[in-house]
S.K.: 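Right, I'll just put the structure down here and ask away after.
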Amino acid sequence: MKAAVVTGFDRPLELQDRPVPEPGPGQVLVRLEASGLCHTDIHAAHGDWPVKPTPPFVPGHEGVGVVTALGEGVAHRAIGDRVAIAWLGHACGRCGYCVSGWETLCEEQRNSGYSVDGAFAEYAVADADYVVPVPDEVSSFDAAPLTCAGVTTYKAIKVAHVTPGERVAVFGIGGLGHLAVQYARLVGAEVIAVDLTDEKLELARELGADHTVNAATTDPVQAIADLGGADVAVALAVTPKAFEQAFASLRRGGRLVCVALPPESDGPMHLPIFRTVLFGISVIGSIVGTREDLAEVFRLHALGRTRVVAESRKLEEVNESIDDVLHARTSARLVFEL
Ligand code: NAD
Ligand code: ZN
Ligand code: ZN
C-alpha cells in the first residue's frame, strides 16, 4: 500500500510502498477513502513540540474509510462499516478521566499519526473501540475535516460555555477556524473572524461571521474593543502573538480558549496578571474532543448545520500540500483522496 512517511524532522515526507498492516486483537483494518491534512500533522513531521513522535511514522488523524478486516475479539464492528480515525486512537477506558467524560485527558492515550501510525496511507489499523461511525448522510470527504478540525472547535465552543448573544472572536480562519465560526454561530453568538488574508475573511463572512478583522492591516485588539470587546476568544492561529491579542481583546468576565499549538521554539505566551485578575478572565486549554463529541459533530453535519470547505489533493502531493498550509494558500482544509 501507499503511505506518506516521516523519516526525519528535517526531511520531506517520503511516499513508500508498505505492506498492508494486519489488525491485532481489538483492532480493525480500515481502507481509507479520505484523509485530512491538519496543521498538527505538520508539527508532527517537523518535531515542533516538547513531546515528539519517533520517525519513521505515518501522520494523519482525520482518516475516514471502510472497515475491511476485523482483529480477534472484535464483535461490535462489521466489515463494510464506514468509520473515522481521530487523534484519540486509544485510551485506557478505566481511569478517572476516561470514566468521567474526559477520555481526551487519559494518561495512557495513544494518538493516531503521532504515537501510532496514522491515516496518510491507503490502509490503517485502529482500535475498534475508538473509531467513530460516520453516518450515511456525511460523505467521507466532509467527514475527514470534521474528525479533527470539526470536533476540536466544537469542543472549544462547548468548554467556553458560550451563551446566545455573547461575542466570540475567532483568531485564525484555517482548517479549524472555518468550522469554529459555524459552531459559534450555532450557539447564537455574534462572531468576529480574525485572519491575515482577505480571502479567509471573505470565507468567514460566507460562513456566518458578523464582523471580520484583517490583523495584517488593522490592530485586532482595538477593532474588537470598538465592537465592545469579546466574551470569548478562540486562539487557532499558530503564533503566540495571536494568543496575546486574543487575550487582550477580552472584556470583563472573558474566556480565552487556547487551541493552536505553536512550535516550542516560538516561546511562551505572556499574559498580564493584573488584567487577568481584575477582569476575572478564564484561560482554558482545549484538546480535541471525545468520541461522543465527534458523533455530535457528524450528526449536526448530517442535519445540514455545517459546511466543510476543503480541496482535494493526492497523497503524492503531500509535501506541496504542507507548504500550501504553512503559507495559508488553501481555502480552508486540504483532504487527500485515497
Ligand atoms: P491552519 O494553518 O489551517 O490555520 C491557521 C490560520 O491562522 C490560517 O488561516 C492563517 O492565515 C491564520 N493566521 C496565521 N497567523 C495569524 C495571526 N497572527 N492572526 C490571525 N490569524 C493568523 O491550521 P489548523 O489546521 O486550523 O490548526 C491550527 C492550530 O491548531 C495548529 O497549531 C494545530 O496544531 C492546532 N490544533 C490543535 C488541536 C487541539 O486539540 N488543541 C487540534 C487540532 C489542531
Ligand atoms: Zn488535528
Ligand atoms: Zn484513561
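Just so you know, ligand 1 is whichever comes first in the structure, and atom 1 is the first atom listed for that ligand. Residue indices begin at 1 and follow the sequence shown.
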S.K.: Considering the heavy atoms of Thr152, write down every atom of ligand 1 situated less than 4.0 Å from one of them.
M.R.: 38 (C), 39 (C), 40 (O), 42 (C)
S.K.: For atom 2 (O) of ligand 1, grab the closest protein heavy atom and report residue, atom and distance to one decimal in Å.
M.R.: His39 ND1, 2.7 Å
S.K.: Can you find an N or O of Leu176 that's nearer than 3.5 Å to an N or O of ligand 1?
M.R.: yes
S.K.: Under 4.0 Å, heavy atoms only, figure out whether ligand 1 is touched by the backbone of Ile173, its side chain, both or neither.
M.R.: backbone
S.K.: Quick check: are there more than 12 heavy atoms from other residues, nucleotides or ligands sitting under 6.0 Å from CD of Glu337?
M.R.: yes
S.K.: When you measure from the Zn ion (ligand 2) to each N, O or S atom of His61, which atom gives the shortest distance?
M.R.: NE2
S.K.: Within 45 degrees of the ring normal and closer than 6.0 Å to the centroid, is that where the cationic atom of Lys155 sits relative to Trp102?
M.R.: yes
S.K.: Check ligand 1 against Trp49 and write out every atom of the ligand that is under 4.0 Å from a heavy-atom position of the residue.
M.R.: 34 (O)
S.K.: Provide the number and element of each atom of ligand 1 under 4.0 Å from a heavy atom of Cys38.
M.R.: 43 (C), 44 (C)
S.K.: For His90 and Tyr130, run ring pair (Phe, Tyr, Trp, His ring centres under 6.0 Å): C-alpha distance rounded to whole Å, both residues' side-chain angles, the deciding distance at 0.1 Å, then the answer.
M.R.: CA-CA 6 Å; His90 171 85; Tyr130 286 82; 5.8 Å; yes
S.K.: Please name the residue in the list Thr306, Val134, Leu179 that meets the side chain to side chain contact (heavy atoms under 4.5 Å, CB included) test with His301.
M.R.: Thr306
S.K.: When you measure from the centre of the six-membered ring of Tyr123, is the NZ or CZ of Arg31 under 6.0 Å away and within 45° of the axis?
M.R.: yes
S.K.: Any atoms of ligand 1 less than 4.0 Å from a non-hydrogen atom of Gly174? List them with their elements.
M.R.: 3 (O), 4 (O), 6 (C), 9 (O)
S.K.: Return the residue, atom name and 0.1 Å-rounded distance of the protein heavy atom closest to atom 40 (O) of ligand 1.
M.R.: Val288 N, 2.6 Å
S.K.: Should you measure from each heavy atom of Arg333, which atoms of ligand 1 turn up under 4.0 Å away?
M.R.: 24 (P), 25 (O)
S.K.: Tell me the protein heavy atom at minimum distance from atom 22 (C) of ligand 1, and give that distance in Å.
M.R.: Ala237 CB, 3.4 Å
S.K.: Do Thr147 and His61 pass the side-chain contact (heavy atoms from CB on, under 4.5 Å) test, and can you show the C-alpha distance, the side-chain angles, and the key distance before you say yes or no?
M.R.: CA-CA 8 Å; Thr147 295; His61 56 275; over 6 Å; no
S.K.: Regarding ligand 1, does Ala328 bring an N or O atom to under 3.5 Å of one of the ligand's N or O atoms?
M.R.: no
S.K.: Give the atom numbers and elements of ligand 1 that come within less than 4.0 Å of a heavy atom of Cys148.
M.R.: 42 (C), 43 (C)
S.K.: Take every heavy atom of Lys200, measure it against each atom of ligand 1, and state whether any distance is under 4.0 Å.
M.R.: yes
S.K.: Distance check below 2.8 Å: does His39 bring an N, O or S atom to the Zn ion (ligand 2)?
M.R.: no
S.K.: Taking distance alone, with no angle check, do Gly177 and ligand 1 share an N/O pair under 3.5 Å?
M.R.: no
S.K.: From the options Asp195, Leu196, Ile42, Leu37, select the one whose nearest heavy atom is closest to atom 11 (O) of ligand 1.
M.R.: Asp195
S.K.: Go through ligand 1 atom by atom and flag the ones less than 4.0 Å from a non-hydrogen atom of Leu261.
M.R.: 32 (O), 35 (C), 37 (C)
